[in-house]
Amino acid sequence: MTTTTLATRPAITPAATVAAYGLRQPTVADAQASLERIYGPDEAPSIWAELALSGRVAIDIDEVVTTMLASSHDVVRLCGQALQIRLRSYAHLSAAQAAVG
């Protein structure tokens, strides 16, 4: 079985949509929203701050996912895994769409 890491996934266009599938590339806002859905609007900002992601101006989704996967919180790691699955799915479907034109 071949494992695709964030570093080895196919190159993708940021914030694009794979038209044939209606799938949008996950964003940093999606990561924040996932934490807010789980922890609520009162606790999510402190979790985000604990991940040392608060106040960052230039941050990309790969860095966010990597940080979430390294978290000591089981639920945060699970959110990171879900985002990683979405990123991989988007990348592979995007590559497939490009290959068929």
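If you read the sequence from its start, that first residue is 1, and numbering goes on from there. The shown structure was predicted, so the numbers you read here are calculated from the model rather than taken from an experiment.
- Between the CZ atom of R24 and the CG atom of D30 there is a distance of 4.0 Å, given to the nearest 0.5 Å.
- Between I85 and S89, the closest side-chain pair of non-hydrogen atoms falls below 4.5 Å.
- With sequence neighbours excluded, the residues satisfying salt bridge (charged side-chain N to carboxylate O under 4.0 Å, His left out) with R77 are D74.
- Closest approach of V65 and G80 over heavy atoms only: CG1-O, 3.6 Å.
- To the nearest 0.5 Å, the span separating NE2 on H92 from CG on L87 amounts to 10.5 Å.
- A 4.5 Å side-chain heavy-atom check between S34 and M68 finds at least one atom pair inside the cut-off.
- With sequence neighbours excluded, no residue forms a salt bridge (charged side-chain N to carboxylate O under 4.0 Å, His left out) with D60.
- The closest side-chain heavy-atom distance from V76 to E50 is not below 4.5 Å.
- Taking the side chain to side chain contact (heavy atoms under 4.5 Å, CB included) definition, one finds that I59 meets it with V28, L53, R56, E63, V64, sequence neighbours left out.
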Table please: side-chain donor-acceptor pairs of residues 35-43 below 3.5 Å, with sequence neighbours left out.
none

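- With rounding to the nearest 0.5 Å, the separation of CG in L69 from CD in Q84 is 5.0 Å.
- Remark: L83 CG to D62 CG distance equals 11.0 Å, nearest 0.5 Å.
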